[in-house]
Asks: 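Structure below; questions to follow.
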Amino acid sequence: MNHSRRSPSCRKSFGDLPLVVLTRGVSPYAQLGKPQSALNKAFEDENLAIHKEIAGLSTQSSHRVVQGAGHVIQADQPDAVVQAVFEALGRAGY
């Protein structure tokens, strides 16, 4: 874990700001046909925990893992991103 960055637990609440947090479903470190390494699993578990913590900073948030998407979710699963934007806008009253 990189302690030089500011962790989400150090941040103030987002209050009721509409927020949708998307997490990749495919690790960039996964190797096709090989089992996930313990180090890779730990890294992905930490990434997921951080995303859940960020989602918890707003009372109007949701969190989703986007299956089939890697780091660039908007390229791998663009409809998931569009849906997240519409969901946030809907929560904001638009």
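All figures in this text were calculated on a predicted structure; none of them were measured in a lab.
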Asks: I'd like to know if the side chain of D16 pairs up with that of T59 as donor and acceptor (distance under 3.5 Å, no hydrogens or angles considered).
Replies: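 Result is no, nothing qualifies.
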
Asks: Grab the two heavy atoms, one from G56 and one from S61, that are nearest each other, plus how far apart they are.
Replies: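 Residues G56 and S61, closest heavy atoms: N-OG, 4.3 Å.
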
Asks: Would you mind writing out the side-chain donor-acceptor pairs for residues 65-88 within the sub-3.5 Å range, not counting sequence neighbours?
Replies:
from: D76; atom 1: OD2; to: G70; atom 2: N; distance (Å): 2.7
from: E87; atom 1: OE1; to: R64; atom 2: NH1; distance (Å): 2.8
from: E87; atom 1: OE1; to: R64; atom 2: NH2; distance (Å): 3.1
from: E87; atom 1: OE2; to: S62; atom 2: OG; distance (Å): 2.7
from: E87; atom 1: OE2; to: R91; atom 2: NH2; distance (Å): 2.4

Asks: Do you know which of I54, I50, L48 makes side-chain contact (heavy atoms from CB on, under 4.5 Å) with K52?
Replies: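 Running side-chain contact (heavy atoms from CB on, under 4.5 Å) over I54, I50, L48 with K52 returns exactly one hit, L48.
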
Asks: State the CG-CD distance between L17 and Q60, to the nearest 0.5 angstrom.
Replies: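 One finds 8.0 Å between CG of L17 and CD of Q60.
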
Asks: Compare all side-chain heavy atoms of Q36 with those of Q31 and state whether any distance is below 4.5 angstrom.
Replies: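 No, side chains not in contact.
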
Asks: Please check if V21 and L57 belong to a single hydrophobic cluster, counting links between Ile, Leu, Val, Met, Phe, Trp and Tyr side chain heavy atoms closer than 4.5 Å.
Replies: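 V21 clusters together with L57.
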
Asks: Let me confirm one number: the CD-CD distance from E46 to E53, rounded to the nearest 0.5 Å.
Replies: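 Atom-to-atom, E46:CD and E53:CD are 9.0 Å apart.
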
